[in-house]
Visitor: 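Just dropping this structure here.
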Number of protein chains: 2
Amino acid sequence: MLTERQINILHLIIQIYTTTGIPVGSKTLMNDGIAASSATIRNDMMVLEKYGFIEKTHSSSGRVPSIRGYRFYVDHILKPASVSSNELAVIKQSFGKDFYAINDIVEQSAKILSDLTSYTAFSLGPEVKERKLTGFRIVPLNAHQIMAIIVTDKGNVESQVFSIPTAISSEDIEKMIRIINEKLVGEPLLTVYHKLRTEIPLILQRYFQTPSGMMDLFDMVLGKAFEDRVFVGGGMNLLDFGVLQDLHQFKSLYSIINDKETLTTLLGNKSGEISIQIGNELGNDILNNMSLITASYEVKGHGQGTIALLGPTNMSYDKMIGLIEVFRQELATHLVDYYRSLDSSQTS
Amino acid sequence: MLTERQINILHLIIQIYTTTGIPVGSKTLMNDGIAASSATIRNDMMVLEKYGFIEKTHSSSGRVPSIRGYRFYVDHILKPASVSSNELAVIKQSFGKDFYAINDIVEQSAKILSDLTSYTAFSLGPEVKERKLTGFRIVPLNAHQIMAIIVTDKGNVESQVFSIPTAISSEDIEKMIRIINEKLVGEPLLTVYHKLRTEIPLILQRYFQTPSGMMDLFDMVLGKAFEDRVFVGGGMNLLDFGVLQDLHQFKSLYSIINDKETLTTLLGNKSGEISIQIGNELGNDILNNMSLITASYEVKGHGQGTIALLGPTNMSYDKMIGLIEVFRQELATHLVDYYRSLDSSQTS
DNA sequence: TATTAGCACTCTAATGAAACGAGTGCTAAC
DNA sequence: GTTAGCACTCGTTTCATTAGAGTGCTAATA
């Protein structure tokens, strides 16, 4: 096992490397708090290297933490740094404005977090799948277009404009709306989605000759409602991570962080409240020298949301963890407040 | 004045430089079509340099076209290149799919044009300001939220969700809708905007104690409808222009092309159908080594739209002009078709 | 046995000299 | 007016040298 000094050395290497970005040598460590000679430190570093916690960039360079080193650090050494009162003020102030919709808060939170860290932040609102359908509207705009609106119980609204075949008259649409509202409103979206595939077509056939076109329409609207809404903040900060070899790499990166598909996979299904994935643990070659900190938060009764931070592997994990810890609580609080204001106005 | 050979030399310099990106020397010109010795060509180049049409990157380098040189070229020499049948096929195919809304076509056109050129493209739909308001809906979603929808005569729809103060009852909202529809529907948006500031508040005061909140709401929705919708395609292509000194510059650039404000200024008020602005003619330091080709197109009866292409100053103007010429006609045709299908279905 | 001083060795980064070559301007001849 | 020839300029590439930071190893020390 590692001695206490070896652990201290690993800790210090990470601390120094995450702030300076320069490989750390034995003398630097000696002058920066390790009470031993450079030779002794070198011996310890050899041990650490044997374990695979640190590595050299070339045969006679200082040491740099490896993925395993970071992993050991975040698992056993890291203590979240406390958040400066300054940063706290910024957070509180940024959340201080009025929001019209739930997604505004979620989107804004990604922006705040990225500004605060200079990294790239993601924000995924509380679980959509638990929501219930409280209203389904179809608004005829003209003979050729309609707008379909889905309203969920918690302030989430999706709308979409459709061109419709002239074959469907506005009377038929009225009928349609009535059916939908009778059969589907009040159900969780998941159930809605299910019924839409089983029960409803049967009923619709009584009224329409060809309900399939109408079904496609529903599919699209519901698809939109289902699609987890991921928001990205500070995508351009990628440029400053200092991990880019060439511009081509930036393009790949940028397309990754804007691909909802990839993102949802990346952010979903994390164990525990705060999870850290380092370098190749992310399972994506392009993200090899980046780390992702994912934090979920509970909004009582409304499922859980997720915020995440993507930065270089050599980020200051202690600072970031401390920050995210505060941030997610702040965000959860604001969402709870928002939901409460919604609930109270509905029951009054 | 310039001799014919001098003009040929300028033309060839531009042709070579726009394809290779390397400064052009006298020998290259001699081997590439100028029937004179390198010394003679050098003499002519000195003349061209006197006029400020070409310049050296250093005291003993080949020549590079200057802004004035490009300007002379596009004004007096340039002949639009014909579009390859391949490209034409791509254009037609890309426009072949079905579109739900007018803005889908406009947005898609920016994407197509940028893909085709590897530059950055902008697309600004036919003039919004000529549109008429054909419908204004307010859909109550729950006690706390409403969705306001604006419909214009030409398939354009804007919607926005609002949280409303509980002080306004749904009955009041109903009244509101009636008033709006009586007074405003059928009017051009400009008139709507005007009446909203003069007549309507008076009427509203009969029904509401405090109509100002409602007014803010209108302002926002109308603001959204007014905001010219500019779409950007291929923003990331900026990275490949080969004009970037550092990443900081890319950030500035990227924020410029995503700032609607700047864009509308950049694209608006062009004389003639196709306009070319080169380097500092754009009046923006950050765009100093870029050129913008702006083309407007007429959609009969529905105002004019604009497409534009931003590339490096050393782009192949002849190719691009040829392409844009075809492209804008194709786009106009498709928009006309779209409007016609809308009109015919409304009058039937 | 753990620690330390000392030293030879390795590798990177920075510096500068030299060679190369593409291109120019000028002069003199055609 | 055109051209051949030539000296000159300047950016680019190459190569060698040097300085410096850091290592691994060995032998001495507590």
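Here is how names work: the chains are called A, B, and so on, in the same order as the sequence lines, proteins then strands, and each is numbered from 1. Please read these numbers as outputs of a predicted model, since none were measured by experiment.
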Visitor: Quickly work out the A:R5 CZ to C:dT1 C1' distance and round it to whole Å.
Guide: 13 Å
Visitor: Quick check, are the ring centers of A:F250 and B:F250 under 6.0 angstrom apart?
Guide: yes
Visitor: Roughly how many Å is it from CD1 in A:I41 to C1' in C:dG6, rounded to a whole number?
Guide: 17 Å
Visitor: From the options C:dG25, D:dC10, D:dG22, select the nucleotide whose nearest atom is closest to the side chain of B:S60.
Guide: D:dC10
Visitor: B:I16 CD1 to C:dA22 C1': how many Å, rounded?
Guide: 15 Å
Visitor: Where the side chain of B:H58 is concerned, which of D:dC10, D:dG22, D:dT3 is the nearest nucleotide?
Guide: D:dC10
Visitor: Could you work out which one of D:dT2, C:dG25, D:dG24 sits closest to the side chain of B:T40?
Guide: D:dT2
Visitor: What orientation do B:H76 and B:F72 show, parallel under 30°, tilted 30 to 60°, or perpendicular over 60°?
Guide: tilted
Visitor: Given atom CD of B:E4 and atom C1' of D:dG1, what is their separation to the nearest angstrom?
Guide: 16 Å
Visitor: Between D:dT23 and A:S26, is there an OP1 or OP2 to side-chain N/O distance shorter than 4.0 Å?
Guide: yes
Visitor: In this structure, are over 12 heavy atoms from other groups packed under 6.0 Å from B:K56 atom NZ?
Guide: yes
Visitor: If you only use heavy atoms from C-beta on, which nucleotide in D:dC25, D:dT23, C:dC26 is closest to the side chain of B:M46?
Guide: C:dC26
Visitor: Would you say A:K251 has more than 12 foreign heavy atoms packed within less than 6.0 Å of its NZ?
Guide: yes
Visitor: Roughly how many Å is it from CZ in A:R63 to C1' in C:dT10, rounded to a whole number?
Guide: 13 Å
Visitor: Does A:M45 or B:D44 map to a spot on DNA chain D nearer the 5' end, using the closest nucleotide for each?
Guide: B:D44
Visitor: Could you state the atom-to-atom distance from NZ of B:K27 to P of C:dG25 in whole Å?
Guide: 14 Å
Visitor: Rounding to a whole Å, what distance do you find between A:I22:CD1 and D:dG22:P?
Guide: 9 Å
Visitor: Taking the side chain of B:A39 as its heavy atoms from C-beta onward, which of D:dG22, D:dT3, D:dC6 lies nearest to it?
Guide: D:dT3
Visitor: Within this structure, what is the CD-to-P distance between A:E49 and D:dC25, rounded to whole angstrom?
Guide: 11 Å
Visitor: Quick one: which of C:dG6, C:dC11, D:dT9 gets closest to the side chain of A:S59?
Guide: C:dC11
Visitor: Assign A:K56 to base, sugar-phosphate, or nothing according to its heavy-atom contacts below 4.0 angstrom with the strands shown.
Guide: sugar-phosphate
Visitor: For the pair B:F241 and B:Y119, name the ring-plane relationship: parallel under 30°, tilted 30 to 60°, perpendicular over 60°.
Guide: perpendicular
Visitor: Among C:dG23, C:dT3, C:dC7, which is the nearest nucleotide to the side chain of A:R42?
Guide: C:dC7
Visitor: Among D:dT3, D:dT23, C:dT24, find the nucleotide with the atom closest to the side chain of B:S37.
Guide: D:dT3
